[in-house]
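Working notes for the structure below.
If you read the sequence from its start, that first residue is 1, and numbering goes on from there. All figures in this text were calculated on a predicted structure; none of them were measured in a lab.
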Amino acid sequence: MLKLLHLLSSRTIAILIALLVAGVLTLAAVYIPQLPSSQAFLSGGLAVAACFLLIYLSFEALIFREINSIYSRLEHIKRKEFKKLSNKFLFRPEPLRRLGDEIVATAQRRQQELDELKRLQALRREFLADVSHELKTPLFAAQGFVHTILDEEEADTDASSMDPAMRRKFLHRAAASLDTLGTLVQDLVTIAQLEKGVVRMRRQRFDLVALVHELFELLGQQAERRGATLTLFPPHLAGEEIPVLADRNRIRQVLINLIDNALKYGREQEGQVVVALTPGRSSVRVAVRDNGNGIAPEHQARIFERFYRVEKSRSRAAGGSGLGLAISKHIVEAHKSTIHIKSVLGEGTTMEFKLPRPKVQP
């Protein structure tokens, strides 16, 4: 009986109670004048018992059982056992059941928010540690060179004076360290502006093939030092034009970052960096791939985070601020696209994204 009432709505149970009471009263009105007093009292007792039983069962099914269910769900919520909670009857008409479902849904949302806040807090701590280290390295280097020169100049004897060529060498190293520091700070400002949406993309029509050739000339000496080759694929595009509609300076920055990373982390003396352009009807797919060692799957999800380095010692030795891929990701997303990574250990890495083509005027 309880299970039957549990499946019924409160309105259905109220109608059943009303019909039962009406039926009992109708029978009483018809038969009570012909019944003795003992049987009349017995009929009244049965009517009271029937009404009490139905009302008790309705309260048990609609209120108390649902309250107990809510308490049970709260216990699961306290233990973070969300998988044991059921939303099977999400659109049921009973208010207490809806209340229970709302409590569960709210608790799940709050727990997800707490988990996200904890994740962001961990990323914040990691970011502060990384940025402190990145700022400290060039700053301490510049301080060391400058203080060495100052200490030598404060010496009284000529024997302790520094050779002019050595002094110039130290000053050049200090300037290089300060340039690295300035680049890092500028990258931090750029990525902060991109995340806030302050930087607007100045979209214009330009030839993507010409931009790739320009970057090959710019990075040609670096490729020669690494013993790597820069190739445009397919080769027949070298004499063609592929117009795109984007911010040329920002896309130039993205391609420099991707090609530079491919040169740094590709194979030495046998490196092959390929920029592949695949024109489509409304967009052009741009892919930069190398034949390096590749990136393990556990690192691929975080490769676009600020200061994240797969091999920290080798990455810092290769130079760079550690923000290139993060900046590239934000620039590509500002063009309503997404940058993807495809990497296989021992075979190489491919970074690709799409750029819109200008609409053809009729």
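Scored by the ring pair (Phe, Tyr, Trp, His ring centres under 6.0 Å) test, F145 finds F170 as partners (sequence neighbours excluded). Judged as a side chain to side chain donor-acceptor pair (under 3.5 Å), and not counting sequence neighbours, the contacts of R109 are T106.
No side-chain donor-acceptor contact under 3.5 Å links Q222 and R225. With 3.5 Å as the limit, one finds a donor-acceptor pair spanning the side chains of H236 and E240. Using modelled atom types and a 3.5 Å distance limit, the side chains of D115 and Q111 yield a donor-acceptor pair.
Pairing each heavy atom of I295 with each of S343, the nearest pair is N-OG, 2.6 Å. Between P358 and R205, the shortest heavy-atom contact is CG-NH1, 3.5 Å. Between I339 and F353, the shortest heavy-atom contact is CA-CB, 4.1 Å. Nearest heavy-atom pair across F206 and L211 is CE1-CD2, 3.8 Å. R203 and A334 make their closest contact through NH2-O, 2.8 Å (heavy atoms, listed as atom of the first residue, atom of the second, distance). In terms of heavy-atom proximity, P234 sits nearest to L277 at CD-O, 3.6 Å.
For the atom pair NE2 (H213) and CG (D207), the distance works out to 8.5 Å, reported to the nearest 0.5 Å. Note that CG of L208 and CZ of R357 are 10.0 Å apart. Values are rounded to the nearest 0.5 Å. The distance from atom CD of E352 to atom OG1 of T338, rounded to the nearest 0.5 Å, is 11.0 Å. Considering CD of Q112 and CG of L114, their distance stands at 10.5 Å, rounded to 0.5 Å. Atom CD of E268 and atom CZ of R226 lie 4.0 Å apart (nearest 0.5 Å). Rounding to the nearest 0.5 angstrom, the gap separating the CD atom in E224 from the CG atom in L263 is 11.0 Å.
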Q: Any chance you could lay out the side chain to side chain contact (heavy atoms under 4.5 Å, CB included) test for L237 and L232, step after step, and finish with the verdict?
A: CA-CA 8 Å; L237 293 178; L232 176 64; 4.2 Å; yes
Q: Take V275 and I259 through the side chain to side chain contact (heavy atoms under 4.5 Å, CB included) test and state the conclusion after the steps.
A: CA-CA 8 Å; V275 178; I259 297 174; 4.0 Å; yes
Q: Might you work through the side chain to side chain contact (heavy atoms under 4.5 Å, CB included) test for T229 and F216, ending with a clear yes or no?
A: CA-CA 10 Å; T229 59; F216 281 178; over 6 Å; no
Q: Test side chain to side chain contact (heavy atoms under 4.5 Å, CB included) on L355 and V332 and set out the steps.
A: CA-CA 8 Å; L355 292 176; V332 171; over 6 Å; no
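Contact of the L218 side chain with the R252 side chain is registered, since non-hydrogen atoms from C-beta on lie closer than 4.5 Å. Between L258 and L325, the closest side-chain pair of non-hydrogen atoms falls below 4.5 Å. For the pair R248 and Q204, the minimum side-chain heavy-atom distance is below 4.5 Å. Side-chain atoms of Q253 and S328, non-hydrogen and from C-beta on, never get closer than 4.5 Å to each other.
Counting heavy-atom neighbours within 6.0 Å of E113 CD, excluding the residue itself, gives a total above 12.
Remark: the backbone N or O of G144 is paired with a side-chain donor or acceptor of T148 at under 3.5 angstrom. Side-chain atoms of R173 do not come within 3.5 Å of backbone N or O of A142 as any donor-acceptor pair. Between the side chain of D247 and the backbone N or O of M201 there is no donor-acceptor pair closer than 3.5 Å. For S283 (side chain) and K354 (main-chain N/O), no donor-acceptor pair under 3.5 Å exists by modelled atom type.
Hydrophobic clustering (ILVMFWY, side-chain heavy atoms < 4.5 Å, transitive): F233 and L230 are in distinct clusters. Hydrophobic clustering places L215 together with V244 (ILVMFWY residues linked when any side-chain heavy atoms are closer than 4.5 Å, directly or through intermediates). Hydrophobic clustering of Ile, Leu, Val, Met, Phe, Trp and Tyr side chains at less than 4.5 Å, counting indirect connections, unites I251 with I256. Linking Ile, Leu, Val, Met, Phe, Trp and Tyr residues whenever their side-chain heavy atoms come within less than 4.5 Å places I341 and I327 in a single cluster.
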Distance-only donor-acceptor hits, side chain of residues 284-291, under 3.5 Å, sequence neighbours excluded:
| residue | atom | partner | partner atom | Å |
| --- | --- | --- | --- | --- |
| D290 | OD1 | G292 | N | 2.8 |
| D290 | OD1 | T349 | N | 3.4 |
| N291 | OD1 | Q272 | N | 3.0 |
| N291 | ND2 | E270 | O | 3.0 |

